[in-house]
Amino acid sequence: MKILVVGTGYVGLVTGTCLAETGALVYCIDIDKKKIDNLNKGILPIYEPGLDEIVGRNADKERLFFTTDLGGNIDGAEAVFIAVGTPPGEDGSADLNHVIAVAREIGRTLTGYTVVVTKSTVPVGTARKVREAIQQELGKRGADIPFDVASNPEFLKEGNAVDDFMKPDRIVIGVESVRAEKVLERLYKPFLLNGHPLIFMDITSSEMTKYAANAMLATKISFINDIANLCEIVGADINHVRRGIGSDPRIGNKFIYPGIGYGGSCFPKDVKALIRTAGDFGYDLRLLDAVERVNNDQKHVVTKKIMAHFGGDVKGKKFAVWGLSFKPGTDDMREAPSLVLIGDLLGAGATVVAYDPVAMNEAKAHYLGDRIGYAGDMYEAAIGADALVLVTEWNEFRIPNYKVLDRLMNGKVLFDGRNIFEPAEARENGFAYYGIGRASS
Ligand code: NAD
């Protein structure tokens, strides 16, 4: 079975590689020549646990190819996945330029029946636009080649992407023809040996499902963050409250951990895009407006605690920051809360030295440059620091050595943006402790 995956980023690379792992012949295509050249040398553009090994294995077996040439490889492909970026446009709507550019290229080069599957997160109506773009290009060629469009939103989590793809909770596919359904059913069957469902539906519902899923998850995070802030005011501890509510199966204990706000390449942009879609159809999604507002404020919550602790003046103070990526397990810095916190601190005249197990190169190259210092390990970042701020809950930060911190740091204060430290332990070691929604020192 020959498959093309267009766009070789987080989603496209994982999709292509995992499909090759089941024996399909996969061509991963990208317009970024450097990315493709590197992949052909075995250098991956992203950090994702376990991915390099499967990429290497399938490339060696000549089932996985990396190329910039879509048209030259489309002949005989049973499905073409579009997995390019859909960044937010200025008005918050998803920018479909990359998706439509790929659709046009498919229309210009298609040789026989294929299913064109949108895997990028795209608003309702996009599959129709993809079909129109392909048809227009076929029309220009005077070609009458059958094809189907389908929607197959991706639910993988960065940091666990390979596992999520290989053993998905569910696969959602929007289709309009039995022929397309059969192609995709065959392709995905090997991933459903665990009995989890392959859910077929119409294309509009499938496009909507992805946004509804991310909007629900973002809502859970903003809900618990808002309750955590209230806990602090009334003297409750969010950790108790979280456990108290999470044991109710109607609520569940996942995704109700308070913190410094959600980031990443999906939740912020998808919440915005859904609000925009609703607006386009004349509906006011009030709940998601609030979710977004709570999250934007939450990214400054730790700054406010820092300012309160230092009497409103951090000029000349040095802060150690542990964790830069928007969550553990990835080097993705898109919309990372660390960027907001660090921006606040630098803006107030403080200096920052950060440590992250994998995201420092990405942070330095594309986001923070030389505006902050980068440490070789977590304790080096703490040397001479007036305070330590935990931003990303990488496992290695969970049990800090307080004796070492005591020796290295100038001040003895911890700001725990993810509630991973034990407040009592920090205090026993002489550190002031500030968490989220917990009684502070
Ligand atoms: P990404 O930015 O990591 O990768 C996109 C790739 O597409 C880039 O390598 C870019 O060079 C390439 N590209 C752009 N235009 C192209 C063209 N015309 N032809 C070929 N390649 C082209 O993006 P991503 O994080 O993989 O996200 C892709 C889509 O999947 C987005 O819609 C996103 O919302 C969605 N999604 C992402 C995740 C995630 O965790 N990252 C999860 C689910 C869904």
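Values in this document were obtained by computation on a predicted structure and should not be read as measured data. In listed order, ligands and their atoms are each counted from 1. Values below: every heavy atom of this structure, side chains too, minus hydrogens, waters and symmetry copies. Nothing fancy with the numbering, it's 1 onward along the sequence.
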Participant: Can you sort out which atoms of ligand 1 are near K35, meaning under 4.0 Å from one of its heavy atoms?
Facilitator: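 Matching atoms, with element in brackets: 8 (C), 9 (O).
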Participant: Considering heavy atoms of the protein only, find what lies nearest to atom 29 (C) of ligand 1 and give residue, atom and distance to 0.1 Å.
Facilitator: V84 O, 3.4 Å
Participant: Any idea which protein heavy atom is nearest atom 19 (N) of ligand 1, and the distance to it?
Facilitator: I31 CG2, 3.7 Å
Participant: If you compare all heavy atoms of K220 against all heavy atoms of I251, which two are closest, and at what distance to 0.1 Å?
Facilitator: NZ-O, 3.6 Å
Participant: Checking N239 against D237: is there a side-chain donor and acceptor pair closer than 3.5 Å?
Facilitator: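 Per modelled atom types, D237 and N239 side chains form no pair under 3.5 Å.
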Participant: Could you tell me the residue and atom name of the protein heavy atom closest to atom 44 (C) of ligand 1, and the distance to it rounded to 0.1 Å?
Facilitator: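 That would be T121 OG1, 3.5 Å.
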Participant: Under 3.5 Å, is there a donor-acceptor pair between the side chain of T114 and the main chain of A77?
Facilitator: yes
Participant: Side chains of residues 352-361: which donor-acceptor partners sit under 3.5 Å, not counting sequence neighbours?
Facilitator:
| residue | atom | partner | partner atom | Å |
| --- | --- | --- | --- | --- |
| Y355 | OH | E396 | OE2 | 3.4 |
| D356 | OD1 | V358 | N | 2.9 |
| D356 | OD1 | A359 | N | 2.8 |
| D356 | OD2 | L324 | N | 2.6 |
| D356 | OD2 | S325 | N | 3.1 |
| D356 | OD2 | W394 | NE1 | 3.1 |

Participant: Pair D280, R276 - check salt bridge (Lys or Arg N to Asp or Glu O under 4.0 Å), show working.
Facilitator: CA-CA 6 Å; D280 289 347; R276 179 67 207 201; 3.2 Å; yes
Participant: Among all protein heavy atoms, pick the one closest to atom 4 (O) of ligand 1 and tell me residue, atom and distance.
Facilitator: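 For this ligand atom, the closest protein heavy atom is G9 CA, 3.2 Å.
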Participant: Evaluate whether atom NE2 of H196 has more than 12 neighbouring non-hydrogen atoms of other residues, nucleotides or ligands under 6.0 angstrom away.
Facilitator: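 Result for NE2/H196: enclosed.
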Participant: Is the shortest distance from a heavy atom of E105 to ligand 1 less than 4.0 Å?
Facilitator: no
Participant: Using a 4.0 Å cut-off to any heavy atom of L156, which atoms of ligand 1 qualify?
Facilitator: 40 (O), 42 (C)
Participant: With a sphere of 6.0 Å drawn around CD1 of I43, does it hold more than 12 non-hydrogen atoms of other residues, nucleotides or ligands?
Facilitator: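 Yes, enclosed.
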Participant: Set out, in order, the CA-CA distance, both residues' side-chain angles and the distance that settles salt bridge (Lys or Arg N to Asp or Glu O under 4.0 Å) for E158 and K327, then state yes or no.
Facilitator: CA-CA 9 Å; E158 286 179 22; K327 67 173 182 176; over 6 Å; no
Participant: Assess the residue pair F165 and V11 against the criterion (side-chain contact (heavy atoms from CB on, under 4.5 Å)); give the C-alpha distance rounded to whole Å, side-chain angles, the decisive distance to 0.1 Å, and a yes or no.
Facilitator: CA-CA 10 Å; F165 198 97; V11 169; over 6 Å; no
Participant: Where the closest heavy atom to atom 43 (C) of ligand 1 is concerned, which of R334, R104, E154 has it?
Facilitator: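 Looking at heavy atoms only, the winner is E154.
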Participant: How far is atom 11 (O) of ligand 1 from its nearest protein heavy atom, and which residue and atom name does that atom have?
Facilitator: D30 OD1, 2.6 Å
Participant: Counting non-hydrogen protein atoms only, what is the nearest one to atom 27 (O) of ligand 1? Give residue, atom name and distance.
Facilitator: V11 CG2, 4.1 Å
Participant: Taking only heavy atoms of V6 into account, list the atoms of ligand 1 that are under 4.0 Å away from them.
Facilitator: 19 (N), 20 (C)
Participant: Backbone, side chain, both or neither: what part of K210 comes under 4.0 angstrom of ligand 1, heavy atoms only?
Facilitator: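 Side chain only; the backbone of K210 stays clear of ligand 1.
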Participant: With heavy atoms under 4.0 Å as the rule, classify the contact between P45 and ligand 1 as side chain, backbone, both or neither.
Facilitator: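 P45 to ligand 1: no contact under 4.0 Å from either part.
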Participant: Can you sort out which atoms of ligand 1 are near A83, meaning under 4.0 Å from one of its heavy atoms?
Facilitator: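 Those qualifying, in numeric order: 28 (C).
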Participant: May I have the step-by-step check of salt bridge (Lys or Arg N to Asp or Glu O under 4.0 Å) for K189 and E185, ending in yes or no?
Facilitator: CA-CA 6 Å; K189 224 170 176 182; E185 192 172 24; over 6 Å; no
Participant: Sequence neighbours left out, what passes ring-ring contact (aromatic ring centres under 6.0 Å, His included) with Y367? Give chain and number order.
Facilitator: none
Participant: For atom 31 (C) of ligand 1, grab the closest protein heavy atom and report residue, atom and distance to one decimal in Å.
Facilitator: T86 OG1, 3.5 Å
Participant: Checking a contact table here: which protein heavy atom is nearest atom 39 (C) of ligand 1, and how many Å away?
Facilitator: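 For this ligand atom, the closest protein heavy atom is E158 OE2, 3.3 Å.
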Participant: Scan side-chain atoms only and decide if D416 and Y433 contain a donor-acceptor pair under the 3.5 Å cut-off.
Facilitator: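 Yes, because at least one side-chain N or O of D416 sits under 3.5 Å from a partner of the opposite role on Y433.
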Participant: Below a 4.0 angstrom heavy-atom separation, can you tell me which part of S265, side chain or backbone, both or neither, approaches ligand 1?
Facilitator: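 The part of S265 near ligand 1 is the side chain, not the backbone.
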Participant: In terms of atom number and element, which parts of ligand 1 are under 4.0 angstrom from non-hydrogen atoms of K269?
Facilitator: 33 (C), 34 (O)
Participant: Within a distance under 4.0 Å of any heavy atom of V102, pick out the atoms of ligand 1 and give their elements.
Facilitator: 17 (C), 18 (N), 19 (N)
Participant: Regarding ligand 1, does K119 bring an N or O atom to under 3.5 Å of one of the ligand's N or O atoms?
Facilitator: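 Between K119 and ligand 1, no N or O pair is found under 3.5 Å apart.
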